[in-house]
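First the structure, in the form of structure tokens, and then the observations on it.
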Amino acid sequence: MRGGGKAGKGALSLSDDSLMREMAHLNAVIGRNARNAGGAWGLSGALAILAAHEVAVEEGIAPRLMSQVEIAHAMGIRPQSVGPLVSQLEDAGLVHRVPHEGDRRAHLVELTDKGRASAQVMRDQQRRFAEETLSCLTQKEKDQLAALVLKLNAALS
């Protein structure tokens, strides 16, 4: 905690607005550290999302490859921002665009073999980053955090 108070019996107590500030600060720090560690932003983030989605397609969980709009949604960015990202990935030989059967205006994005290999490297970096970031927590604390994050995500979605 950067600066809050303590309440009885050693339990931390923050007002709702202080807690939101702490979560915003945590989000900023994690984002900055993830970018510095090759985390899930930009090209590496798009590759990781495409690789994970490809597995979901293979397992029958997802019906087809992702469109650029779906990639934008998964990354939490504007759809206009994905076009240049996909172009960079395509120029690097990591993806190629496939015409969408149901929508002539849209294209789906598919990893190449080179893209799959690069995505695996990125996913390994992300796993190491996650392990390092959460190493200060016990498994019980990680379980509690997971339950709280999932509860908040469900309530806010």
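Predicted model, so just to flag it, every value in this text is computed and none were measured.
- Legend: residues meeting salt bridge (charged side-chain N to carboxylate O under 4.0 Å, His left out) with R105, ordered by chain and number and at least two apart, are D103.
- The salt bridge (Lys or Arg N to Asp or Glu O under 4.0 Å) pairs that include a residue from residues 128-138 number zero, where partners must be two or more places apart or lie in different chains.
- L134 belongs to a hydrophobic cluster whose remaining members, ordered by chain and number, are L137, L145, V149; membership requires side-chain heavy atoms of ILVMFWY residues under 4.5 Å apart, directly or through intermediates.
- The heavy-atom pair separating A72 from P79 by the smallest distance is CB-CA, 3.5 Å.
- With values rounded to the nearest 0.5 angstrom, H100 atom NE2 is found 6.5 Å from S67 atom OG.
- For the atom pair M23 CE and L148 CG, the distance stands at 10.0 Å (nearest 0.5 Å).
- Between the side chain of E141 and the backbone N or O of T138 there is at least one donor-acceptor pair closer than 3.5 Å.
- S118 pairs by the side-chain hydrogen bond (donor to acceptor under 3.5 Å, both in side chains) definition with nothing, not counting sequence neighbours.
- Distance check: L108 CG to E101 CD gives 8.5 Å after rounding to the nearest 0.5 Å.
- Remark: S15 pairs with D17, S18 by the side-chain hydrogen bond (donor to acceptor under 3.5 Å, both in side chains) rule, at least two apart or across chains.
- Every pair passing side chain to side chain donor-acceptor pair (under 3.5 Å) that includes a residue from residues 143-155 is listed here, sequence neighbours excluded: Q139-D143.
- Separation of atoms OG (S44) and CG (L85) is listed at 9.5 Å; rounding is to 0.5 Å.
- With sequence neighbours excluded, the residues that form a side-chain hydrogen bond (donor to acceptor under 3.5 Å, both in side chains) with H96 are E110.
- When the salt bridge (charged side-chain N to carboxylate O under 4.0 Å, His left out) test is applied to R127, the partners found at least two apart in sequence or on another chain are D124.
- With sequence neighbours excluded, the residues that form a salt bridge (charged side-chain N to carboxylate O under 4.0 Å, His left out) with D113 are R116.
- Within the model, atoms CD1 of I71 and CG of L50 stand 4.5 Å from one another, a figure rounded to the nearest 0.5 Å.
- Within the structure, salt bridge (Lys or Arg N to Asp or Glu O under 4.0 Å) contacts touching residues 68-81 (residues at least two apart or in different chains) are R64-E70.
- Expressed to the nearest 0.5 Å, how far CG of L111 lies from CG of L65 amounts to 8.5 Å.
- Listed by first and then second residue, the side chain to side chain donor-acceptor pair (under 3.5 Å) pairs involving residues 85-95 are S87-R97, E90-R97 (not counting sequence neighbours).
- Within the 4.5 Å cutoff, no side-chain heavy atoms of V98 are placed close to those of H107.
- Listed here is the closest heavy atom pair of K114 and G93: CB-O, 3.8 Å.
- Each of H53, M66, Q68 was compared with V109 under the side chain to side chain contact (heavy atoms under 4.5 Å, CB included) criterion, and only Q68 meets it.
- Applying the 6.0 Å contact sphere to NE2 of H73 captures no more than 12 heavy atoms from other residues, nucleotides or ligands.
- Contacts of D16 classified as salt bridge (charged side-chain N to carboxylate O under 4.0 Å, His left out), with partners at least two apart in sequence or in another chain: none.
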